[in-house]
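The structure appears right after this line, and notes come after that.
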Amino acid sequence: MQSVTVSTTRDPVDKSYRKMIKGMDRFEREHALAPAASLRFRLLPRLSTAKMTGISLRVAGDNLTLPVPVAEDNSFVLPRSEQALREDAAVLANRKTNSMTWRASVHTPGLPDGVRRLGDLRLECKVGMDAGLISNSAPIFGWLSNMLTDTDKVCSSPDGNYLFFAERPIYGVTLRHGARTTPLPFKMLYAAGDQTAETLPFCDCQVLLDHSYYAPIWDPAWPDDTLVEFDYIGSTP
């Protein structure tokens, strides 16, 4: 009997190894945005049912399997492999496709808890876009349909809408540089505050809506050393 191979859509979460290396190359080229920071990638929940413990990760090619250690915070460093590049390998996690979202993680050391640096966020956006980490997939996201492959447009335009996530649910976010302070408007919190039951399943923010915010990474009036300070829900004043 003749053998027939049926091609199906892969169910596990997977990313392109070549694209993620492209993101790492961007980090090296534009390291000046966050000169003291190092690069990791991080896995975040996208569904309330997602199990975020015991995640295993590997780089898989035609003739290659390369385990990738995952830290307790679900972050990892992607190793470089010429063989994986040649084989157009995938980065695979033992989770279903829609259960997690991926982000670049660029953190300058020494900042207090609940504080980020704007240059770090700028670099996260560029790395994340080059690495192909965004997983919004619905045509209703017009900004994605036009900009999905254009890193510079997404990260340098007020319409780019690259979504960031705080460590905890946020009440507000304030920009601070020297004596200048400005709270972010509500439209830059909670994925612009306009998600509906129809759109939410297509957003990376599906289960992290109260952690989500946009940052003015496109605005040169706020330099890279600008601090992004979070007012967490339930925190003591």
Side-chain angles (χ1 to χ4, degrees), residues 13 40-55 70-76 93 95-108 111-118 120-125 127-129 133-138 140-144 154-155 158-176 181-219 222 226-237:
V13 174
R40 298 182 70 87
F41 294 99
R42 191 172 180 190
L43 304 170
L44 299 169
R46 185 164 177 166
L47 296 177
S48 59
T49 55
K51 182 182 178 183
M52 299 303 294
T53 58
I55 297 173
V70 179
E72 288 187 5
D73 66 351
N74 291 320
S75 70
F76 62 93
R95 294 292 185 272
K96 293 184 180 296
T97 303
N98 66 346
S99 65
M100 298 191 305
T101 189
W102 304 49
R103 283 295 187 274
S105 181
V106 177
H107 286 259
T108 294
L111 293 177
D113 180 45
V115 177
R116 296 295 310 276
R117 181 179 172 278
L118 194 60
D120 296 12
L121 299 182
R122 286 179 169 129
L123 196 48
E124 279 190 1
C125 179
V127 172
M129 289 303 301
L133 301 185
I134 295 293
S135 51
N136 299 62
S137 56
I140 53 176
F141 290 92
W143 64 275
L144 276 174
V154 170
C155 301
D159 296 322
N161 289 355
Y162 187 90
L163 199 59
F164 297 97
F165 299 106
E167 292 295 323
R168 294 157 51 190
I170 54 175
Y171 178 76
V173 181
T174 300
L175 302 178
R176 184 182 305 276
T181 61
T182 299
L184 291 183
F186 180 79
K187 67 180 180 180
M188 297 183 73
L189 307 179
Y190 316 128
D194 58 3
Q195 295 297 318
T196 66
E198 289 74 27
T199 64
L200 194 57
F202 298 101
C203 182
D204 278 354
C205 64
Q206 188 171 358
V207 76
L208 293 174
L209 187 61
D210 56 0
H211 294 59
S212 66
Y213 66 98
Y214 299 117
I217 54 176
W218 48 269
D219 188 353
W222 291 102
T226 298
L227 298 180
V228 183
E229 302 175 344
F230 302 105
D231 181 7
Y232 292 126
I233 292 176
S235 60
T236 303

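By convention here, the first residue in the shown sequence is residue 1. Owing to the predicted nature of the structure, the values given are computational and were not obtained by experimental measurement.
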**OP:** Compare all side-chain heavy atoms of His211 with those of Ile170 and state whether any distance is below 4.5 angstrom.
**Re:** no
**OP:** Could you tell me whether Arg42 and Glu167 make a salt bridge, using a distance below 4.0 angstrom between a side-chain N and a carboxylate O?
**Re:** yes
Subject >> Chi angles and distances behind the side chain to side chain contact (heavy atoms under 4.5 Å, CB included) call for Leu184, Tyr214 >> reply: CA-CA 9 Å; Leu184 291 183; Tyr214 299 117; over 6 Å; no
Subject >> Quiz item: cation-pi between Arg103 and Tyr162, 6.0 Å / 45° >> reply: yes
Original post:
Do Arg116 and His107 have side-chain heavy atoms sitting under 4.5 Å apart?
Top reply: yes
**OP:** Please report the closest heavy-atom contact between Ala215 and Leu118, naming both atoms and the distance.
**Re:** CB-CD1, 4.1 Å
Original post:
Is a side-chain N or O of Arg176 found less than 3.5 angstrom from the main chain of Thr226, in a donor-acceptor match?
Top reply: no
Subject >> Spacing of CZ belonging to Arg95 relative to CG belonging to Leu47, to within rounding of 0.5 Å >> reply: 12.0 Å
Original post:
Got Met100 and Met52 here, is their nearest side-chain heavy-atom distance under 4.5 Å?
Top reply: yes
Subject >> Criterion side chain to side chain contact (heavy atoms under 4.5 Å, CB included) on Met129 and Cys155, from CA distance to verdict >> reply: CA-CA 8 Å; Met129 289 303 301; Cys155 301; 4.0 Å; yes
Original post:
Which pair of non-hydrogen atoms, one from Pro45 and one from Val207, has the smallest distance, and what is that distance?
Top reply: O-CG1, 3.3 Å
Original post:
With Tyr190, which residues qualify under ring pair (Phe, Tyr, Trp, His ring centres under 6.0 Å), at least two apart?
Top reply: Phe186
Original post:
Side chains of Thr199 and Gln206: does their closest heavy-atom pair fall under 4.5 Å?
Top reply: no
Subject >> Flag side-chain contact, heavy atom, 4.5 Å: Cys125 against Val154 >> reply: yes
**OP:** Please report the shortest heavy-atom distance between Ser212 and Ala191, naming the atom on each side.
**Re:** OG-N, 3.1 Å
**OP:** I would like to know whether Ile217 and Leu121 meet side chain to side chain contact (heavy atoms under 4.5 Å, CB included); could you show each step before the answer?
**Re:** CA-CA 7 Å; Ile217 54 176; Leu121 299 182; 4.0 Å; yes
Subject >> Exercise: identify the closest heavy-atom pair between Ala166 and Tyr232 >> reply: CB-CE2, 4.2 Å
Original post:
Could you walk me through whether Leu209 and Cys203 pass the side chain to side chain contact (heavy atoms under 4.5 Å, CB included) check?
Top reply: CA-CA 9 Å; Leu209 187 61; Cys203 182; 5.9 Å; no
Original post:
Any side-chain heavy atom of Met188 sitting closer than 4.5 Å to one from Val173?
Top reply: no
Original post:
So, Asp120 side chain and Thr108 main chain: donor-acceptor pair closer than 3.5 Å or not?
Top reply: yes
Subject >> Nearest-0.5 Å distance, CG of residue Asp204 to CZ of residue Phe164 >> reply: 12.5 Å
Subject >> Check: Leu175 main-chain N/O paired with Thr182 side-chain donor or acceptor under 3.5 Å >> reply: no
Original post:
How far does CZ of Arg46 sit from CG of Leu208, to the nearest 0.5 angstrom?
Top reply: 10.5 Å
Subject >> Distance-minimising heavy-atom pair for Arg168 and Asp113 >> reply: NH1-OD2, 4.2 Å
Subject >> Trp222 CH2 to Leu227 CG distance, which is reported to the nearest 0.5 Å >> reply: 10.0 Å
Subject >> Side chain to side chain, Leu123 and Val127, heavy atoms closer than 4.5 Å >> reply: yes
**OP:** I would like to know whether Tyr213 and Phe230 meet ring pair (Phe, Tyr, Trp, His ring centres under 6.0 Å); could you show each step before the answer?
**Re:** CA-CA 10 Å; Tyr213 66 98; Phe230 302 105; 5.1 Å; yes
**OP:** Please report the closest heavy-atom contact between Cys205 and Leu200, naming both atoms and the distance.
**Re:** SG-CD1, 3.9 Å
Subject >> Spacing of Asp231 atom CG and Tyr171 atom OH [to the nearest 0.5 Å] >> reply: 7.5 Å
Original post:
Are Val228 and Arg117 close enough that some pair of their side-chain heavy atoms sits under 4.5 Å apart?
Top reply: no
Original post:
Does one side chain, of Ser105 or Arg40, offer a donor that lies under 3.5 Å from an acceptor on the other?
Top reply: no
